[in-house]
**Student:** 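The structure under discussion is supplied below as structure tokens; questions concerning it will follow.
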Amino acid sequence: MNKIFFFGAGKMATAIAGGMVKSGKFRAADLTAFDVSADAAKKFTAATEVAAVSDAKKSFAAADTVLVAVKPQVVAEALAPFSGGFSGKLVISIVAGVPLEKLAALCPGSRLIRVMPNTPALVGAGAAAYAAGKTAKAADLKLAEKILSSVGSAVVVKERDLDAVTALSGSGPAYVFDFIQALADGGVAEGLTRDVALELAIETVLGSARMLRETQTHPAILRDAVTSPAGTTSRALEVLEQGGFKGLVIGAVRAAAIRSRELGK
């Protein structure tokens, strides 16, 4: 059985490990974790039933796979003491903005997979993308997919596409939260209570996404099905069009992708 060591036990690592165990695809006994924060380690174990160790060296040495989940500004310092022990191991990194080339220098001799997860993984509804390093094997990609599918969906991309992924699904929840807030605000402006407006906004977005997923129908077709000629939806869409709604969203995604590329340099 593949032994997996979580190097970092923050919220995203906790979500992934918890999903792995809950899915039944992995045994808690085959996973271990380490975090410099004793509080984070304690919360990790309480949420996942996976042991968090106080000394990383033994668990690291025994691991077949190391899932790196530390903050990008400390990744070099955190991995430096282990640089001589990566040979033959699979390293899966969820560290934002750290490219495979840099990871290869930090983890010499390892096989690498770089992952861009997003925060809905915390509730088992993540949308992740992952890119493989040159020496990664087919079995490594299969394991990455198995891990990530425990907390949502996952797709394989080229590393050059991860900046676009960051801008779309990585930052995307923030755009959706803002949209839901705006929908609710509109309802409140028309006399609904805040609780009712927010509930309706949330369920509308959830239901619409589910409808897209289950019908496999193009969004424009579903939009047109809601839009009666000269009706309420038509009037509302006209306002969104005048405000450049779609263009603004496209521009936001592109701006985030540009910033992601800047941070990765």
Side-chain angles (χ1 to χ4, degrees), residues 1-8 12-34 48 50 59-70 72 75 79 82-118 120-121 124-170 213 216 257 260-261 264:
M1 181 63 69
N2 196 303
K3 297 290 185 180
I4 301 175
F5 175 57
F6 283 77
F7 199 15
M12 190 61 72
T14 300
I16 293 172
M20 290 168 67
V21 174
K22 190 180 296 184
S23 72
K25 299 174 183 177
F26 298 87
R27 300 188 311 159
D30 294 319
L31 313 179
T32 53
F34 169 79
T48 65
V50 172
S59 291
F60 172 84
D64 304 294
T65 299
V66 178
L67 195 150
V68 182
V70 300
V75 64
L79 295 179
F82 303 90
S83 61
F86 280 102
S87 183
K89 295 184 186 294
L90 170 63
V91 173
I92 299 175
S93 170
I94 65 169
V95 183
V98 179
L100 288 168
E101 183 179 7
K102 183 173 181 178
L103 289 169
L106 295 173
C107 310
S110 66
R111 307 185 311 280
L112 294 167
I113 293 177
R114 180 184 167 194
V115 179
M116 181 62 227
N118 68 357
Y130 57 104
K134 294 178 181 179
T135 59
K137 301 176 182 178
D140 299 332
L141 289 169
K142 187 174 180 180
L143 176 62
E145 196 280 333
K146 185 178 178 182
I147 290 171
L148 296 171
S149 66
S150 299
V151 289
S153 63
V155 295
V156 182
V157 298
K158 299 291 186 183
E159 186 181 24
R160 64 174 179 266
D161 294 327
L162 283 177
D163 291 312
V165 170
T166 299
L168 176 55
S169 58
R213 170 67 71 198
Q216 294 293 299
S260 179
R261 284 190 283 272

**Student:** How long is the gap from CD on E145 to OG on S150, to the nearest 0.5 Å?
**Tutor:**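 If we round to the nearest 0.5 Å, E145:CD and S150:OG are 8.5 Å apart.
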
**Student:** Between N2 and T65, do the side chains contain an N or O donor and an N or O acceptor separated by less than 3.5 Å?
**Tutor:**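 Checked: N2/T65 side chains pair up, N/O donor to acceptor below 3.5 Å.
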
**Student:** Please examine the side chains of R114 and P99, heavy atoms only from C-beta on, and report whether any two atoms are closer than 4.5 Å.
**Tutor:**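 Yes - at least one pair of side-chain heavy atoms lies under 4.5 Å apart.
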
**Student:** Grab the two heavy atoms, one from A33 and one from F5, that are nearest each other, plus how far apart they are.
**Tutor:**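 That closest heavy-atom pairing would be C-CE1, 3.8 Å.
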
**Student:** Which heavy atom of A15 sits nearest to which heavy atom of A121, and what is that distance?
**Tutor:**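 Shortest heavy-atom contact: CB-O, 3.7 Å.
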
**Student:** May I ask you to say whether D161 pairs ionically with K158, meaning some side-chain N is under 4.0 Å from a carboxylate O?
**Tutor:**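 Salt bridge absent between D161 and K158.
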
**Student:** Once you round to the nearest 0.5 Å, how far does CE of M116 lie from CG of D163?
**Tutor:**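 If I round to the nearest 0.5 Å, the distance is 10.0 Å.
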
**Student:** Could you tell me if the side chain of I16 sits less than 4.5 Å from the side chain of I94, heavy atoms only?
**Tutor:**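 Result yes, sub-4.5 Å side-chain heavy-atom pair found.
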
**Student:** Over all heavy atoms of both residues, which pair between A132 and L100 is shortest? Give the atoms and the distance, please.
**Tutor:**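 Heavy-atom minimum between the residues: O-CD1, 3.7 Å.
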
**Student:** Looking at every non-hydrogen atom in both residues, tell me the closest pair between P117 and A128 and how far apart they are.
**Tutor:**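 Here P117 and A128 meet closest at CA-CB, 3.9 Å.
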
**Student:** Under 4.5 Å between any side-chain heavy atoms of L103 and V95, yes or no?
**Tutor:**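 SC-SC contact between L103 and V95 ruled out.
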
**Student:** List the residues meeting side chain to side chain contact (heavy atoms under 4.5 Å, CB included) with A144, not counting sequence neighbours, and say none if there are none.
**Tutor:**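 Scan of A144 (side chain to side chain contact (heavy atoms under 4.5 Å, CB included), adjacent residues dropped) gives I92, I113, Y130.
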
**Student:** Out of curiosity, D64 CG to L90 CG, how far, rounded to the nearest 0.5 Å?
**Tutor:**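 Answer for the CG-CG pair, D64 versus L90, is 9.0 Å.
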
**Student:** Would you mind reporting whether L79 and F7 have side-chain heavy atoms less than 4.5 Å apart?
**Tutor:**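 In short, these two side chains touch, coming nearer than 4.5 Å.
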
**Student:** Any chance you could lay out the side-chain contact (heavy atoms from CB on, under 4.5 Å) test for T48 and L31, step after step, and finish with the verdict?
**Tutor:** CA-CA 10 Å; T48 65; L31 313 179; over 6 Å; no

**Student:** Starting at NZ of K89, measure out to CG of D140 and round the result to the nearest 0.5 Å.
**Tutor:**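 The CG atom of D140 is 13.0 Å from NZ of K89, to the nearest 0.5 Å.
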
**Student:** Decide yes or no for M20 and F6: does some side-chain heavy atom of the first lie under 4.5 Å from some side-chain heavy atom of the second?
**Tutor:**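 Heavy-atom side-chain distance check passes, below 4.5 Å.
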
**Student:** Considering all heavy atoms of both residues, which atom of A13 and which atom of A69 are nearest to each other, and what is their separation?
**Tutor:**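 It is CB-CB, 3.9 Å.
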
**Student:** Excluding sequence neighbours, so at least two apart, what forms side chain to side chain contact (heavy atoms under 4.5 Å, CB included) with K146?
**Tutor:**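 Expected list: K25, F26.
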
**Student:** Roughly how far, to the nearest 0.5 Å, is CG of L148 from CG of L143?
**Tutor:**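 Here the rounded value is 9.0 Å.
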
**Student:** Looking only at non-hydrogen atoms, find the nearest pair between A129 and L162 and report the distance.
**Tutor:**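 Taking every non-hydrogen atom into account, O-CD2, 4.1 Å.
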
**Student:** Got a second to check how far R213's CZ is from S153's OG, nearest 0.5 Å?
**Tutor:**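 Those atoms lie 6.0 Å apart.
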
**Student:** Quick one: list whatever passes ring pair (Phe, Tyr, Trp, His ring centres under 6.0 Å) with F86, sequence neighbours left out.
**Tutor:**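 F60.
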
